[in-house]
A.B. asks: 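My questions all concern the structure below.
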Amino acid sequence: MILPKSNRLTPEQLAEITAIVGEFGCKIQPIVGAVRTIYAIVGDEREELMINRLEGLAYVDRIDRIQSPFKLMDIRSDLASHRLTLGGVTLGEQLLVIAGTCTIDPKNPNYFYETAAAVKEAGAHVLRGGVWKPRTNPYAFQGDVKSLDILMEASRRTGLPVDTEVMEDLHIKLALEAGVHSLQVGARNALNYSLLRSIGRAIAERDTCVLLKRSIHMGPLSEFISAAEYIAAFGNPNVILCPRGTTPTLDGYRNHPDESITPLLKEKTWAPVVVDPSHSVGKAVYVPACALAAVAYGADGLCIEAHVSPSHGIGDDPKQAVTPEVLAGIIRQAKQLWALRRGTGSA
Ligand code: PEP
Ligand code: MN
């Protein structure tokens, strides 16, 4: 829909926009109001170049899009009935819990094996563990490919599917060859379109899932959904949106918790939402409240950092990881809240 700056276009201006949209197989239908006339674009208006050219015209105030730019991830797309299954949980039917350490310590694998068994016991469905780590400081521990074996061994021992972050093509290749079930795109890479494209291509023929974190640099929610669309565009729509806190605005929390965007996402996309309360608040003591808030806001699941002995962990674990006992409590209460929210009385 084209809204001109003036009350109506001159015949020359109308001829110009008609010619532009005509190049893209569309037509113009004026809608004459008592005061203003607006101009509907009839046809597929998702062509970016056409919109850019129209927006570049000095006499055009703005273009309101009627069609969603998300052909696959939009709530009204043909894929809206697609259901993801991970760790035996069909998203939307049961609360999904992903838990495990921030980072796998390749020198002390037993911490990871013990954590894996403990998070399973606490009720988690998917085991997380960072093999490769994006670190702000180049001298900080960057992860170690040896941890991939530890991750897969923990998966074999517990029977839990595993999630780990990938940051480049080599990671994607190695993780998929090893049999990782869910690839994580971290907050720092959620706007890395070549990585999103690579992941989309790599999982096109697989049932792998992608846990897509929200970048702190993302503005409108459409940018978040657009990142998911990049992956889905290659043929695998198993993308889970993961709010994980945005630019910090509070003294006390590591990031500004953003679980409250869940209902807004759910109005726009059918993609499941799994909230990460650990990175949102950055301190173990605040994680339970944020996790429950996420469920109250309609999250389909939680991704929580947990460690059998947080102070012996590396990466975020000493500050952020909850113990398996705390995790078990969060899961119990989150399931009760989930049941309350859905009015079913049972989780
Ligand atoms: C993580 O999951 O450990 C991590 C680094 O997350 P984020 O990308 O949200 O910072
Ligand atoms: Mn972490």
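Just so you know, ligand 1 is whichever comes first in the structure, and atom 1 is the first atom listed for that ligand.
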A.B. asks: If you check every N/O/S atom of His279, which is the one nearest the Mn ion (ligand 2)?
C.D. replies: NE2
A.B. asks: Between the side chains of Asp169 and Ser198, does any donor sit under 3.5 Å from an acceptor?
C.D. replies: yes
A.B. asks: In ligand 1, which numbered atoms sit nearer than 4.0 Å to a non-hydrogen atom of Arg188?
C.D. replies: 10 (O)
A.B. asks: Please check if any side-chain donor atom of His82 sits under 3.5 Å from a side-chain acceptor atom of Asn238, or the reverse.
C.D. replies: yes
A.B. asks: Which atom name would you report as the N, O or S atom of Asp316 nearest the Mn ion (ligand 2)?
C.D. replies: OD2
A.B. asks: For Gly186, counting its heavy atoms only, list the atoms of ligand 1 lying under 4.0 Å from any of them.
C.D. replies: 8 (O)
A.B. asks: Looking at atom 8 (O) of ligand 1, what's its closest protein heavy atom, distance included?
C.D. replies: Ala187 N, 2.7 Å
A.B. asks: Closest non-hydrogen protein atom to atom 9 (O) of ligand 1, residue and atom name please, with distance?
C.D. replies: Arg244 NE, 2.6 Å
A.B. asks: Out of all atoms in ligand 1, which are within 4.0 Å of some heavy atom of Cys102? Include the element for each.
C.D. replies: 3 (O)
A.B. asks: Could you tell me whether the side chains of His256 and Thr249 share a donor-acceptor contact shorter than 3.5 Å?
C.D. replies: yes
A.B. asks: Using the rule side-chain contact (heavy atoms from CB on, under 4.5 Å), only one of Val287, Val285, Asp317 pairs with Val322; which is it?
C.D. replies: Val287
A.B. asks: Is there a polar contact between ligand 1 and Lys213, counting only N or O atoms under 3.5 Å apart?
C.D. replies: yes
A.B. asks: Does CD in Glu168 sit with more than 12 non-hydrogen atoms of other residues, nucleotides or ligands closer than 6.0 Å?
C.D. replies: yes
A.B. asks: Considering the heavy atoms of Arg128, write down every atom of ligand 1 situated less than 4.0 Å from one of them.
C.D. replies: 1 (C), 2 (O), 3 (O)
A.B. asks: Between Asp105 and Thr103, is any side-chain donor less than 3.5 angstrom from a side-chain acceptor?
C.D. replies: no
A.B. asks: Which residue owns the protein heavy atom closest to atom 4 (C) of ligand 1, what's the atom, and how far is it?
C.D. replies: His279 NE2, 3.3 Å
A.B. asks: In Glu305, which N, O or S atom comes closest to the Mn ion (ligand 2)?
C.D. replies: OE2
A.B. asks: Do ligand 1 and Gln184 have nitrogen or oxygen atoms that lie under 3.5 Å from each other?
C.D. replies: yes
A.B. asks: How about His279 and Glu305: does a side-chain donor come under 3.5 Å of a side-chain acceptor?
C.D. replies: yes
A.B. asks: Could you say whether the N/O atoms of Asp276 and ligand 1 ever approach to under 3.5 Å?
C.D. replies: no
A.B. asks: Verify side chain to side chain contact (heavy atoms under 4.5 Å, CB included) between Phe24 and Arg46, making sure each step is shown before the conclusion.
C.D. replies: CA-CA 10 Å; Phe24 298 91; Arg46 284 176 295 199; over 6 Å; no
A.B. asks: Counting only heavy atoms not in Lys5 (residues, nucleotides, ligands), do more than 12 fall under 6.0 Å from its NZ?
C.D. replies: yes
A.B. asks: Which of the numbered atoms in ligand 1 are under 4.0 angstrom from any heavy atom belonging to Lys133?
C.D. replies: 1 (C), 3 (O), 5 (C)
